[in-house]
Participant: 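Dropping the structure in here first, questions after.
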Amino acid sequence: MKKPKKIVEFPNLKQRLLEKAMQTMKEKKFSEALELFEQARENDYAYAEVELGMVVCFMELGQLTEAKNRCKKMLREDIGDYFHVLQIYITILIQLKEYAEVKLTIEAILEEDKLPAQYAQNFYQLLEFARKMLPSEDSSQIEPDYGQANDQEDEVFLLHEGTIQKQYELIQMFKHRNIRPLIPDIQKYLVDELKHPVLKTFLLHILIEQGWDKETEVHKMGQRITIVPTDLMSGEEDPFLNKIISILEDKVESDNPSLFEGLKEMLVRIHTVQFPFPFTPEKPEVWAAGLHSAGVELFGLGVADEELAEEYDVSALEIKSAVREINKLEDFSYLRL
């Protein structure tokens with residue numbers, strides 16, 4: 001009688017299976033990714049990552065009830081990062097229009113007084129949104145309020161005609177919804193020169209997150225560009241911005257760490273205004289020197305442009321031009337809600 005063959009697993013098979021599932025999901029092949037996650041699940045590897053990956057796939061495939069039930073199980077059994085899973089769970093509830101459940105869930109979390117600071121603002125915004133979407137107990141005594149955005153018509157009005165504060169609040173709500181029905185109005189917003197450039201950036205990031213891969217026109221501060229949102233890089237991925245930061249690390253960080261951090265924050269702010277337009281000139285040394293000059297002026301440190309020009313190997317004229325542009329972008333970087 002022949003002995004049964006011994007099954008030998010390939011080295012790192014489980015890890016490679018999970019990596020392939022994650023990569024397939026990034027490529028938006030959600031049905032294929034789901035099968036791979038199922039295989040990884042059978043192999044009992046990285047259980048929390050596998051379960052969360054399956055939840056995302058079910059969401060993208062429109063199987064929201066299945067995604068909700070799996071999320072609920074993860075929360076109940078404390079699988080994965082609790083508050084990250086909770087955010088996804090609430091997002092699913094909003095897509096299912098289960099606003100009462102959203103309200104009850106968040107209120108219960110807030111009552112426990114254990115909400116980490118980094119999640120607080122987002123959960124309070126979601127709670128406010130859920131409350132607005134629920135019918136009032138005595139609606140006959142309440143005057144109409146466009147700011148409540150109770151249906152798509154109100155949202156369109158709010159997006160185009162509301163105050164900066166109202167536009168900002170609505171755009172924050174868009175993060176947790178399928179915004180495809182509003183694409184025509186978002187595109188109209190992006191080409192309106194009167195709309196705030198930072199709010200346009202927020203909308204573009206939502207389009208990126210939701211996988212919008214169609215050509216989209218953007219107008220900002222007299223500039224026009226046609227982009228495909230899914231092709232855009234975030235600031236963290238942008239090699240040009242990373243080169244500016246690298247130069248500032250070499251020139252500033254060791255001598256003045258506080259100034260270095262301040263310059264990085266300034267770069268993030270002006271990039272938020274400028275996005276998705278490239279910085280011109282495309283010379284990172286000029287922008288690093290310009291930020292350094294603008295920063296020392298802001299902090300009252302008094303370093304001459306000629307001295308910085310020599311240090312960064314650029315001209316004083318280039319620095320002055322960059323500083324003018326930085327100051328202009330900085331002025332737009334505050335929403336003044």
Side-chain angles (χ1 to χ4, degrees), residues 94 121-122 124-126 128-129 132-133 144-238 240-241 265-280 287 294 322 324-337:
I94 288 173
Q121 182 182 3
N122 192 31
Y124 277 113
Q125 287 173 344
L126 289 168
E128 178 70 13
F129 174 66
K132 286 179 176 178
M133 297 305 288
D145 179 5
Y146 285 111
Q148 289 190 1
N150 287 323
D151 54 38
Q152 187 169 322
E153 204 171 282
D154 288 342
E155 289 177 344
V156 169
F157 174 86
L158 189 61
L159 184 64
H160 294 298
E161 305 297 335
T163 63
I164 292 288
Q165 172 79 34
K166 294 297 183 184
Q167 291 174 41
Y168 170 77
E169 290 173 358
L170 181 64
I171 290 168
Q172 292 303 306
M173 293 176 190
F174 285 171
K175 289 181 182 179
H176 311 286
R177 295 176 37 202
N178 176 10
I179 47 84
R180 278 168 171 73
L182 289 166
I183 288 291
D185 282 285
I186 289 173
Q187 290 175 324
K188 181 181 173 183
Y189 188 100
L190 291 172
V191 299
D192 186 343
E193 280 286 0
L194 298 178
K195 295 298 183 283
H196 201 289
V198 169
L199 294 181
K200 290 181 180 181
T201 294
F202 293 164
L203 280 172
L204 284 170
H205 282 302
I206 294 171
L207 292 175
I208 294 168
E209 288 165 8
Q210 298 202 13
W212 185 248
D213 58 1
K214 306 292 188 295
E215 285 195 348
T216 304
E217 193 172 352
V218 184
H219 296 190
K220 278 191 181 185
M221 297 174 293
Q223 301 179 88
R224 298 184 178 193
I225 193 171
T226 299
I227 47 86
V228 175
T230 51
D231 291 344
L232 297 173
M233 291 183 292
S234 69
E236 293 176 355
E237 300 168 332
D238 191 326
F240 187 80
L241 294 191
E265 289 172 10
M266 189 183 295
L267 178 59
V268 170
R269 288 197 300 272
I270 66 172
H271 179 256
T272 301
V273 178
Q274 183 79 354
F275 186 83
F277 294 89
F279 285 109
T280 52
W287 288 95
R324 280 196 301 272
E325 188 65 17
I326 289 165
N327 288 337
K328 182 180 81 171
L329 294 172
E330 272 276 87
D331 191 48
F332 277 106
S333 69
Y334 299 98
L335 286 172
R336 298 178 177 88
L337 301 175

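When reading the values below, keep in mind they use all heavy atoms of this one structure, side chains included, and skip hydrogens, waters and symmetry mates.
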Participant: By salt bridge (Lys or Arg N to Asp or Glu O under 4.0 Å), which residues pair with Asp213, not counting sequence neighbours?
Facilitator: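 Listed in chain order: nothing, the list is empty.
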
Participant: Going from OG1 on Thr226 to CD on Glu217, what distance comes out if it is rounded to the nearest 0.5 angstrom?
Facilitator: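 One finds 4.5 Å between OG1 of Thr226 and CD of Glu217.
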
Participant: Is the shortest side-chain heavy-atom distance between Leu241 and Val268 below 4.5 Å?
Facilitator: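 Not in contact.
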
Participant: Can you tell me if Thr216 uses its side chain to pair, donor with acceptor, with the backbone of Lys214 under 3.5 Å?
Facilitator: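 Yes; judged by distance alone, with no hydrogens or angles, the pair exists.
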
Participant: Are side-chain heavy atoms of Lys188 and Asp192 found at a separation under 4.5 Å?
Facilitator: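 Of all side-chain heavy-atom pairs linking Asp192 with Lys188, none is under 4.5 Å.
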
Participant: Work out which heavy atom in Phe275 is nearest to a heavy atom in Leu232; give both atom names and the distance.
Facilitator: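 Smallest interatomic distance, heavy atoms only, reads CZ-CD1, 3.7 Å.
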
Participant: What are the two closest heavy atoms between Pro229 and Ile208, and how far apart are they?
Facilitator: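 Residues Pro229 and Ile208, closest heavy atoms: O-CG1, 3.2 Å.
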
Participant: Find the distance between CZ (Phe174) and CD (Gln210) and round it off to the nearest 0.5 Å.
Facilitator: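 The CZ atom of Phe174 sits 10.0 Å away from the CD atom of Gln210.
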
Participant: Mind checking the CD-CG spacing from Gln187 to Leu203? Nearest 0.5 Å is all I need.
Facilitator: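 So the gap between those two atoms works out to 11.0 Å.
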
Participant: So which atom in Val273 and which in Ser333 form the shortest heavy-atom distance, rounded to 0.1 Å?
Facilitator: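 For Val273 versus Ser333, the nearest heavy atoms are CG2-CA, 3.5 Å.
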
Participant: Roughly how far, to the nearest 0.5 Å, is the NZ atom of Lys166 from the CG atom of Leu159?
Facilitator: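 So the CG of Leu159 and the NZ of Lys166 are separated by 14.0 Å.
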
Participant: What I'd like to find out is whether the side chain of Leu204 reaches to under 4.5 Å of the side chain of Ile227, using heavy atoms alone.
Facilitator: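 The answer is yes, as the side chains (C-beta and beyond) meet within the 4.5 Å cut-off.
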
Participant: Which atom pair, heavy atoms only, marks the closest approach of Tyr189 to Lys195?
Facilitator: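 Looking at all heavy atoms of both residues, the closest pair is CE1-CD, 3.3 Å.
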
Participant: For Arg224, I'd like to know if atom CZ has over 12 heavy atoms of other residues, nucleotides or ligands within 6.0 Å.
Facilitator: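 Count not over threshold, so no.
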
Participant: How far apart are the C-alpha atoms of Leu190 and Leu207, what are their side-chain angles, what is the distance that settles it, and do they pass the side-chain contact (heavy atoms from CB on, under 4.5 Å) test?
Facilitator: CA-CA 12 Å; Leu190 291 172; Leu207 292 175; 4.1 Å; yes

Participant: Side chains of Phe279 and Glu325: does their closest heavy-atom pair fall under 4.5 Å?
Facilitator: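 No - every pair of side-chain heavy atoms lies 4.5 Å or more apart.
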
Participant: Quick one: closest heavy-atom pair of Lys200 and Val191, and the distance?
Facilitator: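 That would be NZ-C, 4.4 Å.
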
Participant: With rounding to the nearest 0.5 Å, note down the distance linking OG1 in Thr280 to CH2 in Trp287.
Facilitator: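 Thr280 atom OG1 to Trp287 atom CH2 measures 6.5 Å (nearest 0.5 Å).
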
Participant: Does any part of the side chain of Ile270, heavy atoms only, come nearer than 4.5 Å to the side chain of Glu330, both counted from C-beta?
Facilitator: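 Yes; the side chains approach each other to less than 4.5 Å.
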
Participant: Measure the shortest side-chain to side-chain distance between Met221 and Leu329 over non-hydrogen atoms and say whether it is less than 4.5 angstrom.
Facilitator: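 Met221 vs Leu329: side chains touch.
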
Participant: Glu169 vs Lys132, test: side-chain contact (heavy atoms from CB on, under 4.5 Å). Steps then yes/no.
Facilitator: CA-CA 12 Å; Glu169 290 173 358; Lys132 286 179 176 178; 3.9 Å; yes

Participant: Run Tyr168 and Phe202 through side-chain contact (heavy atoms from CB on, under 4.5 Å) and show every step you take.
Facilitator: CA-CA 9 Å; Tyr168 170 77; Phe202 293 164; 3.9 Å; yes

Participant: Quick one: closest heavy-atom pair of Leu158 and Gln167, and the distance?
Facilitator: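 The pair with the smallest heavy-atom distance is O-CG, 3.7 Å.
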
Participant: Got a second to check how far His160's NE2 is from Leu194's CG, nearest 0.5 Å?
Facilitator: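 CG of Leu194 is found 12.5 Å from NE2 of His160.
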
Participant: Do the non-hydrogen side-chain atoms of Glu155 and Arg177 ever get within less than 4.5 Å of each other?
Facilitator: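 In contact.
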
Participant: Pair Ile179, Trp212 - check side-chain contact (heavy atoms from CB on, under 4.5 Å), show working.
Facilitator: CA-CA 10 Å; Ile179 47 84; Trp212 185 248; 5.8 Å; no

Participant: For Glu215, does the CD atom sit with more than 12 other heavy atoms under 6.0 Å from it, leaving out its own atoms?
Facilitator: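 For Glu215, atom CD is not crowded (no more than 12 foreign heavy atoms under 6.0 Å).
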
Participant: Which of these, His271, His196, Lys220, sits in a side chain to side chain donor-acceptor pair (under 3.5 Å) with Thr201?
Facilitator: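 Testing Thr201 for a side chain to side chain donor-acceptor pair (under 3.5 Å) against His271, His196, Lys220 leaves exactly one candidate, Lys220.
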
